[in-house]
Amino acid sequence: MCKTVQRRKGHRVTNNNTAPSAAPLPAAEPAKDGLRSVPRRQDGEDGPPSPPSVSMTTGVRSDARAHCAAQSAHMACALTPPGCDDRACLDRILELIHQRHACNFSQFRQDMLISRIRHRMGLHGLQALPDYLRMLDSDPNEGEALFKVMLIGVSVFFRDPEAWEVLYTDVLVPMVATAPAGATLRVWVPACSTGEEAYSVAILILDALRRAEKQCPLLVFATDINEDALQQARRGIYPAEIKDHVAADLLARYFVPCDPDGRYQLSTEVRDCVVFGVQNAISDPPVSRVDLICCRNLLIYLETSTQQALFSSFDFALNPGGHLFLGCAETPGEHADLFVPVSKKWRIYRHRERCKTSGVPMPTRSDSWSATAPGAKTPPAREEDVASLTRQLLQERFSPAAVLVSTTFETRYFCGPTENFLQMPRGAPTLDVLAQAREGLRSRLGCALRQALKEGTTVTVDDARVRDAHGYRQVRFSVVPVAGPDESGCRYLLVVFENAGNPPASAKSAGDPQVKQLEGELRATRDDLQSVIERLATSNEELKISNEEVAAMNAELQSANEELEISRDGLKSLNEALNGANRTLQDKVAELQTSNADIRNLLASSEIATVCIDREFRIKWLTPSMKSIGNIIATDIGRPIADFSTAGLGSGIIDEATQVLKDLQSVQTEFKSQNEHWYLRRIIPYRTEHHHIGGVVITYSDITEARISSENATAAMRSMATSLEQRVRERTAQLRTLMAELALSEERERRLLARDLHDDLAQTLAIVKIKLTSLEGSERRGVLKAALSEMEGLIDQAHRSVRSLMLHLSPPILGTLGLVPALEWLSEEMERLYGLAVSIEREDDLPVLEEPARTTIFRAIRELLINVSKHADTNVASIDCHRQEGNRISITVTDQGRGFDYETAVSCPAGESGFGLISVRERIEFIGGDMEVSSRPGAGATIRIIFPARRRDTIREGQQDDDSNPAGGRSQDSA
Ligand SMILES: C[S@@+](CC[C@H](N)C(=O)[O-])C[C@H]1O[C@@H](n2cnc3c(N)ncnc32)[C@H](O)[C@@H]1O
């Protein structure tokens, strides 16, 4: 049950979700043939709307109101009465169905029938009823389909939850409580369709019994005319959606999940209580002695007269004090006196008493309903009772014409030749006995009926007249009130007619017949008037009741209105929120549009041609500049990129795109296109918003200018490098010259210094010595002699030092005798100063060297020998001088000392352990020579100097070189 519904005894019959409310019906479309189409409802059904359900949010029966509205709408779109032809067709259609399915639909509401027929016609695209009739004649399947559609088998569990709540609390719980222990509870559910309603009531009664801890057998007779629906009902299997209608606790207790689709089956306990059977509720005899009848949503489809017949059945079937549960739009109508409302709103009534009226028309078909399987044979008719046949014949022959009418003057049973007094009027059939009364009889009959009803006594009218084909006849009739079985007041009125023969002849001849006739008519008119007045009073009463009902509805509408107001406020704020959201959305859309325009402009202005292709290499989008690249335009979107020439797009585009899709790394390529332009093609992965790779984006940048500039710059760099190299070469040459000059001037300076030492200091020291020597014979000889001797020794030492210094600064022998004698002098000096024995091997006739080379070589050899003496850990070395091809000389200095690793030695910082080899090499290279070093640690060292030998033209043989001989000695013209 919906949560908002207040429970009186704490039982829930269904959960929050209720059946969908009925949708109001739109106005019906007029049809050409006078019938009108009834639009389909939202739930797929057409015709009358579904009964109401409870509003989820408010708990107010908005659905009930919707239902009322839908009812009114339905009534408003009442179908235009069919024309004669259509009427005949309709009758024929109903007859066909009657023949095939033994169901008389003429008892159903005509508008409903027509809407159903029109629905089927619409499905076949037919407009005219005769066409459809032809189809029905020829196609039995269509007849079957129409039959099913006309039955309208929609049903749900606990439809109108509030109504079930009230039924449970006010009917079922007391019923269970008062039932004698062990007594069978009997329920009849006519028109049960697929069984939901029958199971609903069974579940609630079982639950009430369980709570009351009572053991009473339960028998629910569930009947319907539709065999297929009953088959389904017997299975008791329903889709998962029923959990929207059945409360969770009831679902858990009385249903069993039965398959993976989530369907449920009723438990055996429930199914055992319900017996399904085929029964036509209108024409078959009813089930008897029942405590409760649930007949919901059948009456609304039936004509009023048929409804009344059904109520008679209910009257018969119900035990005294039994209950009747109808659909929300159904009422007992004229049988209201049989029932006391338990809940007027939810159409729950208590049977006043069981009325055993023999005259009330009651279904009498012998093939009454049975709970047998569909198709089973019905039992054979009983053998005729001869006595009752006799009684019947006698009754027909001799009994007077009589009619039993209800207290509302509706005919209930006819007996004897009533056609002499009553006659069905033209137009719609009616049960009203006054409407059926023949001319002349109506007013007297009406007066007598009212009087008998009022006074509870028999009223006899002797002088009534009735008109037939021959004029007026005198008739007599009596109205006898018939009490109910418990003598609880008048239930029916029996009217017995008698022919009184023709008016007496005396009366005809006596007096003025004209006057008599007029008096009679006046009396009749007065009676008619009286009857009209009384009817008006009745109508007035009815109007009052209607007025009260309208007031009640008005109150209901008022509260609905208040709720609508509240809803409106809620909607208003919701609307404002929506407006706000809408504004934000619009702003975002505007932003998006601006961004789109910006991007479009940016792409167009960047002149970077761009094309995007998907994973199948089909063009997704592109910029206008792509026209100039690959002649691709907007209409090419969707085409494979491979369709376009590689001359424009560059080759290998598919391979590179594949690679990019694989590695997700961008790839760029420079290529020259057919228009002689250079392009940089860049392919990058195209990432979607969700970081999926949706393809690649290819951009083309024109790099022609950059490329030309780069080429020009490279050429300029190359030429600059060439000129720089040239300048370096020139500068190197200049440097060499300068260094040579520097070496020469250095040498010259050395010589000058040596000559100065020789000419000046040495001479002075010599003179000092001579003079000191001359002093040896003088006085004080003893003292002076020792001092002089000491001074002489010092002066000798100074003299030697000066000479040695002069030799080392610039050995005169190098300038005078040449390189080889200088080397021989050097070897002696090395032995004398460093204790290094140097042997010299030389070829004869070595060429004489020019001055710079001679000095450079000499100083290099001297440095190498000093290295040997200092680092080689040996006191032996050798010098080997040879001539080589190409007028070159090789001088090799060798020692057998500890040796060294040349690479290590030269990589050491200068002055540390490089032995000055680099400086020696540079100086040798400066004079155009070369130096080779061969040494290993522990294996001595061999250093070879090779240099070009040019003849020394400036010095002739035996000629003294003044510049080179500071000591004034003679030079010898050899190496
Ligand atoms: C709308 S359903 C009502 C189902 C159920 N009572 C409920 O309210 O949920 C109407 C049912 O009435 C049945 N029906 C129509 N005419 C009938 C008749 N004359 N006798 C018995 N059942 C009838 C139809 O077959 C159909 O199943």
Side-chain angles (χ1 to χ4, degrees), residues 14 18-20 22 41 43-53 67 94 97-98 101-109 112-113 115-116 144-161 163-164 167 187-202 220-234 238 242 245-246 274 276-287 292-303 305-307 309-311 313-314 317 324-330 346-347 363 365 367-370 374:
T14 184
T18 57
R41 289 200 324 245
D43 59 6
E45 287 294 322
D46 51 8
S50 304
S53 58
H67 180 62
L94 299 185
I97 293 178
H98 196 178
H101 300 282
C103 180
N104 186 3
F105 276 104
S106 60
Q107 295 153 327
F108 280 58
R109 267 177 34 214
M112 189 278 291
L113 295 177
S115 83
R116 298 274 127 181
E144 182 74 28
L146 180 63
F147 175 60
K148 295 274 161 59
V149 164
M150 280 178 155
L151 288 177
I152 310 171
V154 185
S155 184
V156 288
F157 283 95
F158 302 111
R159 192 184 333 215
D160 313 315
W164 286 92
L167 180 79
V187 179
W188 178 27
V189 184
C192 66
S193 187
T194 39
E196 287 87 338
E197 195 175 272
Y199 286 128
S200 298
V201 74
V220 177
F221 300 95
T223 63
D224 199 285
I225 203 168
N226 185 345
E227 291 187 10
D228 291 347
L230 289 173
Q231 291 273 26
Q232 207 177 318
R234 283 190 191 100
Y238 297 95
I242 62 161
H245 305 280
V246 183
V274 187
F276 290 97
V278 182
Q279 183 206 36
N280 186 330
I282 302 164
S283 57
D284 287 340
V287 176
L292 170 66
I293 294 175
C294 289
C295 182
R296 310 192 73 210
N297 306 309
L298 169 64
L299 294 163
I300 47 172
Y301 302 118
L302 302 178
E303 290 287 5
S305 55
T306 317
Q307 289 182 14
L310 211 50
F311 278 110
S313 286
F314 297 161
L324 176 64
F325 183 24
L326 299 179
C328 285
E330 298 162 336
W346 296 116
R347 313 295 194 220
R365 253 178 52 181
D367 55 342
S368 57
W369 86 277
S370 67

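For the numbers below, each heavy atom of this structure counts, side chains included, while hydrogens, waters and symmetry mates do not. Whatever order the structure lists them in is the order used to number ligands and atoms, beginning at 1.
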ask   = Short list, please: which atoms of ligand 1 are under 4.0 Å from a heavy atom of Ser193?
value = 4 (C), 27 (O)
message = Is the contact between Leu298 and ligand 1 made by the side chain, the backbone, both, or neither, using heavy atoms and a 4.0 Å cut-off?
response = side chain
key: Proximity flag Met150 to ligand 1, non-hydrogen atoms under 4.0 Å   = no
remark   = A student checking ligand 1 against Ala281 at a 4.0 Å heavy-atom cut-off should list atoms 18 (C), 19 (N), 20 (N), 21 (C)
task = Check the pair Thr223, Asp284 against side-chain contact (heavy atoms from CB on, under 4.5 Å), reporting the backbone distance first and the verdict last.
result = CA-CA 11 Å; Thr223 63; Asp284 287 340; over 6 Å; no
query = Quick one: CD on Gln107 to CG on Asn280, what's the gap to the nearest 0.5 Å?
reply = 7.0 Å
task = Ignoring angles and geometry beyond distance, decide whether Glu197 reaches within less than 3.5 Å of ligand 1 through its nitrogen or oxygen atoms.
result = yes
Test side-chain contact (heavy atoms from CB on, under 4.5 Å) applied to Leu230 and Cys192, step by step = CA-CA 8 Å; Leu230 289 173; Cys192 66; 3.6 Å; yes
query = Out of Ser155, Ala229, Ser283, Ser200, whose heavy atom is nearest to atom 9 (O) of ligand 1?
reply = Ser155
request  = Calculate, to the nearest 0.5 Å, the distance between atoms OG and CD1 belonging to Ser115 and Ile152 respectively.
outcome  = 7.0 Å
key: Glu196 (side chain) donor-acceptor with Phe158 (main chain) under 3.5 angstrom   = no
note = Note: Arg159, heavy atoms under 4.0 Å from ligand 1, region reported as side chain
note = Quick note on ligand 1: atoms under 4.0 Å from a heavy atom of Tyr301 include exactly 1 (C)
ask   = For the side chain of Gln307 and the backbone of Leu299, is there at least one donor-acceptor N/O pair under 3.5 Å apart?
value = yes
request  = Under 4.0 Å from a heavy atom of Ile152: give me the atoms of ligand 1 that qualify, with their elements.
outcome  = 1 (C), 2 (S), 10 (C), 11 (C), 26 (C)
Atom indices of ligand 1 within 4.0 angstrom of Ile282 heavy atoms, with elements = 19 (N)
task = Enumerate the atoms of ligand 1 whose separation from the nearest heavy atom of Asn280 is less than 4.0 angstrom.
result = 18 (C), 19 (N), 20 (N)
inquiry  = Can you name the atoms of ligand 1, numbered from 1 with element, that are less than 4.0 Å from a heavy atom of Asn297?
reply    = 1 (C), 3 (C), 7 (C), 8 (O), 10 (C)
message = Determine whether Ile282 and Asn104 satisfy the following criterion, side-chain contact (heavy atoms from CB on, under 4.5 Å), listing intermediate values before the conclusion.
response = CA-CA 9 Å; Ile282 302 164; Asn104 186 3; over 6 Å; no
key: Option of least heavy-atom distance to atom 5 (C) of ligand 1 (set: Ala222, Ala191, Ala198, Cys295)   = Ala191
request  = Could you tell me whether Phe325 and Trp164 have their ring centroids closer than 6.0 angstrom?
outcome  = yes
ask   = Looking at Tyr199 versus Phe276, is the centre-to-centre ring distance below 6.0 Å?
value = yes
inquiry  = Checking contacts here: is it the side chain or the backbone of Thr194 that comes within 4.0 Å of ligand 1, counting heavy atoms only? Could be both or neither.
reply    = neither
ask   = Would you say Gly153 and ligand 1 have an N/O pair spaced under 3.5 Å apart?
value = no
query = Where do Phe311 and Leu324 land on the side-chain contact (heavy atoms from CB on, under 4.5 Å) test, with the steps shown first?
reply = CA-CA 10 Å; Phe311 278 110; Leu324 176 64; 3.8 Å; yes
Where ligand 1 meets Arg296 - atom numbers and elements under 4.0 angstrom, heavy-atom basis = 3 (C), 5 (C), 6 (N), 7 (C), 8 (O)
